[in-house]
Amino acid sequence: QVQLVESGGGLVQAGGSLRLSCAASGRTISRNVMGWFRQAPGKEREFVAAISWTGDSTDYADSTKGRFTISRDNAKNTVYLQMNNLKPEDTAVYYCAARGSGLVAVTTYGYVYWGQGTQVTVSS
């Protein structure tokens with residue numbers, strides 16, 4: 001089992017930046033594709049970004065391309081989401097997630113382990 005804990009959320013003005021962290025425990029996530037998702041009030045959860053085992057392959061939602069960067073440090077068992085040029089529409093609870101161990105494809109679906117989420121609020 002993998003436990004995921006997100007941190008780094010908060011309140012920021014539009015145009016500002018935040019860096020989210022996702023610390024994994026229980027076992028290594030070096031063989032898990034990792035992803036970030038978000039859910040705004042009254043909306044369904046949506047894909048934000050994903051990263052391969054080694055970090056050499058990434059995928060982003062169109063709404064976050066060029067502004068968000070996903071990265072990982074397998075030695076620290078941690079995944080990051082650097083968010084720049086934040087917009088009010090980025091306001092949501094952000095969740096870290098992991099695909100099953102050994103699955104290689106970087107996808108927007110098929111995540112089986114989830115964190116509790118961290119709130120990001122962007123004021124205009």
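These numbers were taken from a predicted model, which means no experiment stands behind them.
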Mind jotting down which residue pairs meet the ring-ring contact (aromatic ring centres under 6.0 Å, His included) criterion with at least one end in [range]? Sequence neighbours excluded, please.
{"range": "residues 64-107", "answer": "none"}
{"range": "residues 10-31", "answer": "none"}
{"range": "residues 9-65", "answer": "F37-F47, F37-Y111, F37-W114"}

Where R99 and A105 come nearest, the two heavy atoms and their spacing: NH1-O, 2.9 Å
Qualifying residues under side-chain contact (heavy atoms from CB on, under 4.5 Å), relative to [X], sequence neighbours excluded:
{"X": "K43", "result": "A40"}
{"X": "T54", "result": "S52, D56"}
{"X": "Q3", "result": "Q1, S25"}

Residues that, via side-chain heavy atoms closer than 4.5 angstrom, fall in one hydrophobic cluster with L103: none
Nonpolar side-chain network containing Y109, other nodes, edges under 4.5 Å: none
Name each donor-acceptor pair under 3.5 Å that joins a side chain in residues 12-24 to protein atoms two or more places apart or in another chain, with its distance.
residue, atom, partner, partner atom, Å
S17, OG, N84, OD1, 2.9

N/O donor-acceptor pair under 3.5 Å between D73 side chain and A75 backbone: yes
Backbone of E6 reached by a side-chain donor or acceptor of Q116 within 3.5 Å: no
Inter- and intrachain pairs under salt bridge (charged side-chain N to carboxylate O under 4.0 Å, His left out), touching residues 106-121, at least two apart: none
Pairs meeting criterion salt bridge (charged side-chain N to carboxylate O under 4.0 Å, His left out) with involvement of residues 79-95, two or more places apart: R38-D90, R67-D90
Partners meeting side chain to side chain donor-acceptor pair (under 3.5 Å) with Q39 (sequence neighbours left out): none
Steps toward side-chain contact (heavy atoms from CB on, under 4.5 Å) verdict (Q119, T91): CA-CA 8 Å; Q119 177 70 46; T91 295; 4.0 Å; yes
Under 3.5 Å side-chain donor-acceptor pair for N74 and R31: no
